[in-house]
Chemist: 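What follows is a single structure, and I will ask about it in a moment.
Residues take their numbers from the sequence shown, with the count starting at 1. Just so you know, ligand 1 is whichever comes first in the structure, and atom 1 is the first atom listed for that ligand.
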Amino acid sequence: MQIDPDRSYDLIGDVHGCADALAHLLDRLGYHYQGGVWRHPRRQVIFLGDIIDRGAHIRGALHMVRDMVDAGQAYCILGNHEWSALGWYMPAPPGSGKLFVREHSPRFTRLLQETLLQFEHHAEEWKAFRQWFYELPLYLDGERFRVVHACWDSGVIARLAPRLNRGCLEPDLLRESAVDDSFAGQALNRLLRGIDMPLPEGITQTSAEGFVRSTFRSRFWEENPRVYGDVVFQPDGLPEAIARLPLSERDRQRLFLYRPDDPLLFVGHYWCTGRPSPVAPNVACLDYSAVRGGKLVAYRLDHEHQLDPARFVWVNVERKEI
Ligand SMILES: [Mn+2]
């Protein structure tokens, strides 16, 4: 989906139900609440997906974002959590070994439970929001800048685009993505979750939420990575002994997808911590763990060709929203 490259935009990372923080951030960015919608006389917001799950005000956050989109004040792309919510209700194809695209396992139940709880007495409203998720593009191309939830992979996007409805997910593609190694499964995983590198044989890590992982989230813009530690991109890093292990030539090739002369790229997804700043001169992650007591972060984009650390704007998230 193409957007006007001549306009100025405020890009906002994963909201995850932190509606109060979102109002606070919009206010700080010079937006005003008028006629029931947050508006700016000249600028538009681009939300990077993951509006739902985890936080205390998921319904409120969804209403704010959808109202802005409907009023022409914002765009919103699909995050892995919105994919997951759609997959929860979508029967998996026969032979996939699953009942639903997103299995109702304890792990995935836990991820969606706040959303389901907050919509418990609002079934029709939740259904309408799920329908709206099918209208959210998987990526936006603004020529001088690009937007995707986790990873911009031009090869995958070129092959995926003909299967999308004006950049958006269709039920058939969602159903196909139940099978992890199908084209749909691989392509959606790449865009919405990025590159998960396998840990060396037999090694596992336990995440902050207690999930055992045999892969780690990795950078895809490192020009010359040598060891695992050069490509890890997750808050808990890697154990020292693994971080020092060399990458194979094949891994190095696989991981260098985004080049320094590619357009500016904005992603969410990665639970960054610390002071918001670019991760590369042309790549910014705007997810700073809002719902874990971190920050809700925006980047004020005008017509610059290199990211400017002074253009990150953020608010701290209050405990009561988590
Ligand atoms: Mn997220």
Side-chain angles (χ1 to χ4, degrees), residues 11-22 25 45-62 64-66 74-88 102 107-116 118 129-130 132-133 136-140 147-152 169 177 188-196 207-211 213 215-220 232-236 265-274 276 279 283-299 312 314-317 321-322:
L11 297 111
I12 297 182
D14 306 29
V15 177
H16 284 306
C18 298
D20 290 350
L22 178 56
L25 180 63
V45 169
I46 299 176
F47 290 98
L48 301 183
D50 279 10
I51 309 302
I52 63 165
D53 290 346
R54 296 195 166 106
H57 304 121
I58 295 163
R59 287 179 61 218
L62 280 171
M64 283 171 78
V65 173
R66 190 179 63 184
Y75 294 88
C76 181
I77 61 167
L78 193 87
N80 60 307
H81 283 256
E82 282 83 31
W83 172 88
S84 188
L86 291 177
W88 182 264
R102 181 47 115 188
R107 174 183 174 169
F108 298 136
T109 304
R110 203 163 114 202
L111 286 178
L112 195 60
Q113 71 185 6
E114 266 310 315
T115 300
L116 296 180
Q118 292 174 33
F129 276 120
R130 295 199 314 270
W132 179 65
F133 295 165
L136 304 181
L138 282 154
Y139 55 88
L140 291 172
V147 180
V148 70
H149 186 63
C151 176
W152 189 281
L169 195 58
S177 71
L188 294 175
N189 241 331
R190 176 55 55 94
L191 268 49
L192 299 176
R193 295 196 185 76
I195 304 183
D196 281 338
S207 77
E209 289 180 318
F211 299 134
R213 296 186 304 227
T215 59
F216 66 90
R217 291 177 171 187
S218 44
R219 297 166 174 265
F220 51 92
V232 65
F233 193 48
Q234 58 187 24
D236 47 352
L265 174 65
F266 297 92
V267 298
H269 189 62
Y270 293 95
W271 299 106
C272 291
T273 54
V279 293
V283 183
C285 173
L286 301 179
D287 177 22
Y288 278 79
S289 311
V291 78
R292 277 188 199 151
K295 304 171 185 72
L296 186 63
V297 177
Y299 183 89
F312 287 78
W314 61 86
V315 295
N316 292 314
V317 178
E321 279 230 278
I322 303 168

Chemist: Is the distance from the Mn ion (ligand 1) to the nearest N/O/S atom of His81 under 2.8 Å?
Modeler: no
Chemist: Calculate the angle formed at the Mn ion (ligand 1) by NE2 in His16 and OD2 in Asp14; 10° precision is enough.
Modeler: 110°
Chemist: Let me check your reading of the structure: within less than 2.8 Å of the Mn ion (ligand 1), is there an N/O/S atom from Asp50?
Modeler: yes
Chemist: Run the side-chain contact (heavy atoms from CB on, under 4.5 Å) check on Ile52 and Phe133 step by step: do they pass?
Modeler: CA-CA 11 Å; Ile52 63 165; Phe133 295 165; 3.9 Å; yes
Chemist: Can you say whether the rings of His16 and Trp271 are parallel (under 30°), tilted (30 to 60°) or perpendicular (over 60°)?
Modeler: parallel
Chemist: Has Asp287 got an N, O or S atom lying less than 2.8 Å from the Mn ion (ligand 1)?
Modeler: no
Chemist: Look at the aromatic rings of Tyr299 and Phe312 and report parallel, tilted or perpendicular, splitting at 30° and 60°.
Modeler: perpendicular
Chemist: Looking only at the aromatic ring of each residue, does the gap between the centers of Trp88 and Phe108 stay below 6.0 angstrom?
Modeler: no
